[in-house]
Amino acid sequence: MQTAIYLASASPRRKELLTQLGIEFSQFSVDADESQLADETPLELVERLARLKAQTGVAMGYTDRPVLGSDTVVVIDNQSLGKPRDKADFMATLKRLSGRSHQVLTAIAFATEHKVMSCVVTTQVSFKTLSEQELAAYWQTGEPQDKAGGYGIQGLGGRFVTNISGSYFAVVGLPLYECEKLLSEFLSR
């Protein structure tokens, strides 16, 4: 499978992961409203956003090769947790995750002018019990500010994780196996 694609994401993590697949790609950012719709489940939200980002790339004129869109949400008690708005929001979010398991949903979508295909990967992540001091120190590192759910498993936040069941790469932001598989299916249809 030798093809070039576009990555509709400014994420350095997604860029780094896509490089691991050996796929030639160009990267650009898209501006999309990531608000959850009324009565939309976290799974519906993340898949809609991945498709929206890919299709937005196509609408922007990136039409000579498939566009990859992706989105990740952290879910606990069937509620999506976005990026923390501020320190108080971060503290409340991580206290909810402390000593519990949660899900990380990452959706990927490929789009061209004529078709779009997507899938969602669910990974179960368990956290140790976190102290106020650990949370305050982690916030001060600056890492949680731009991360869904307020942590980065590939960074300093990884030390909170006691167990993971599913795709580690999906938690980072781009499930490698599923991305390669979906692209192959996309190209063969």
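Because the structure is predicted, anything quoted here is derived from the model rather than measured.
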Using the rule that Ile, Leu, Val, Met, Phe, Trp and Tyr join whenever any side-chain heavy atoms are under 4.5 Å apart, tell me whether V75 and F127 fall into a single cluster. no
Would you compute the distance between atom CD of Q145 and atom NZ of K87 and round it to the nearest 0.5 angstrom? 10.0 Å
On the 0 to 90° scale, with breaks at 30° and 60°, tag the Y62-F28 ring pair as parallel, tilted or perpendicular. parallel
Is any side-chain heavy atom of I164 closer than 4.5 Å to a side-chain heavy atom of T123? yes
Under 4.5 Å between any side-chain heavy atoms of F186 and T112, yes or no? yes
How close do M60 and S29 get, heavy atom to heavy atom, and via which atoms? CE-O, 3.9 Å
Are P42 and L105 close enough that some pair of their side-chain heavy atoms sits under 4.5 Å apart? yes
Closer than 3.5 angstrom, by distance alone: can the side chain of K15 be matched with the main-chain N or O of S26 as a donor-acceptor pair? no
Locate the shortest heavy-atom distance separating V121 from A170; write the atom from each residue and the value. CG1-CB, 3.8 Å
Close side-chain approach of M117 to R189, heavy-atom, < 4.5 Å: yes
Student check: side-chain heavy atoms of L176 and L21 closer than 4.5 Å: yes
Give a yes or no on whether the backbone of S131 and the side-chain of E134 come within a donor-acceptor separation of less than 3.5 Å. yes
May I ask you to decide if L130's main-chain N or O and S98's side chain share a donor-acceptor pair within less than 3.5 Å? yes
Pairwise distance CD1(I23) to CD(Q20) - rounded to 0.5 angstrom: 11.5 Å
Give the intermediate values and the outcome of salt bridge (Lys or Arg N to Asp or Glu O under 4.0 Å) for residues R48 and D71. CA-CA 9 Å; R48 178 179 61 82; D71 197 72; over 6 Å; no
Might you work through the salt bridge (Lys or Arg N to Asp or Glu O under 4.0 Å) test for K95 and E132, ending with a clear yes or no? CA-CA 9 Å; K95 285 178 184 176; E132 291 269 344; 2.6 Å; yes
Approximate separation, where rounding is to 0.5 Å, of K53 NZ and I108 CD1: 13.0 Å
Looking at K147 and E143, would you say the former's side chain and the latter's main chain have a donor-acceptor pair under 3.5 Å? yes
Hey, are E47 and S118 close enough side-chain-wise for a donor-acceptor pair under 3.5 Å? yes
Flag side-chain contact, heavy atom, 4.5 Å: L68 against L18: yes
Distance (rounded to the nearest 0.5 Å) between Q36 CD and L49 CG: 9.0 Å
For E180 and S184, indicate whether the former's side chain and the latter's backbone hold a donor-acceptor pair under 3.5 Å. no
Hey, what do you get for NE2 (H102) to OH (Y151), rounding to the nearest 0.5 Å? 2.5 Å
If you look at every heavy atom in S70 and G173, which pair is closest and at what distance? OG-O, 3.3 Å
With sequence neighbours excluded, residues passing side-chain contact (heavy atoms from CB on, under 4.5 Å) with S9: L7, S11, R14
Please confirm whether the backbone N or O of A88 pairs with a side-chain atom of D86, one donor and one acceptor, at under 3.5 Å? yes
4.5 Å side-chain heavy-atom contact, Y168 and V125: no
F160 ring center near Y138 ring center (under 6.0 Å): yes
Salt bridge check: are D77 and R100 linked by an N-O gap of less than 4.0 Å? yes
Salt bridge (Lys or Arg N to Asp or Glu O under 4.0 Å) assessment of K83 paired with E34: CA-CA 11 Å; K83 297 171 184 174; E34 297 189 17; 5.5 Å; no
So, the side chain of Q140 versus the backbone of A137: is there a donor-acceptor pair under 3.5 Å, distance only? no
With a 4.5 Å limit on heavy-atom distance, are the side chains of I5 and L183 in contact? yes
Shortest non-hydrogen pair, P175 vs T106, comes out as CD-CG2, 3.6 Å
Aromatic ring pairing W139/F90, orientation class (parallel under 30°, perpendicular over 60°, tilted between): tilted
With K181, which residues qualify under side-chain contact (heavy atoms from CB on, under 4.5 Å), at least two apart? Y177, E185
Check whether any side-chain N or O of E44 sits under 3.5 Å from a backbone N or O of T41 as a donor-acceptor pair, and report yes or no. yes
For the atom pair CG (L45) and OG (S80), what is the distance rounded to the nearest 0.5 Å? 5.0 Å
When hydrophobic residues are tied together by side-chain contacts of less than 4.5 Å, even through go-betweens, does I76 share a cluster with V46? no
Smallest separation among heavy atoms of Y6 and R65, with atom names: CE1-CG, 3.1 Å
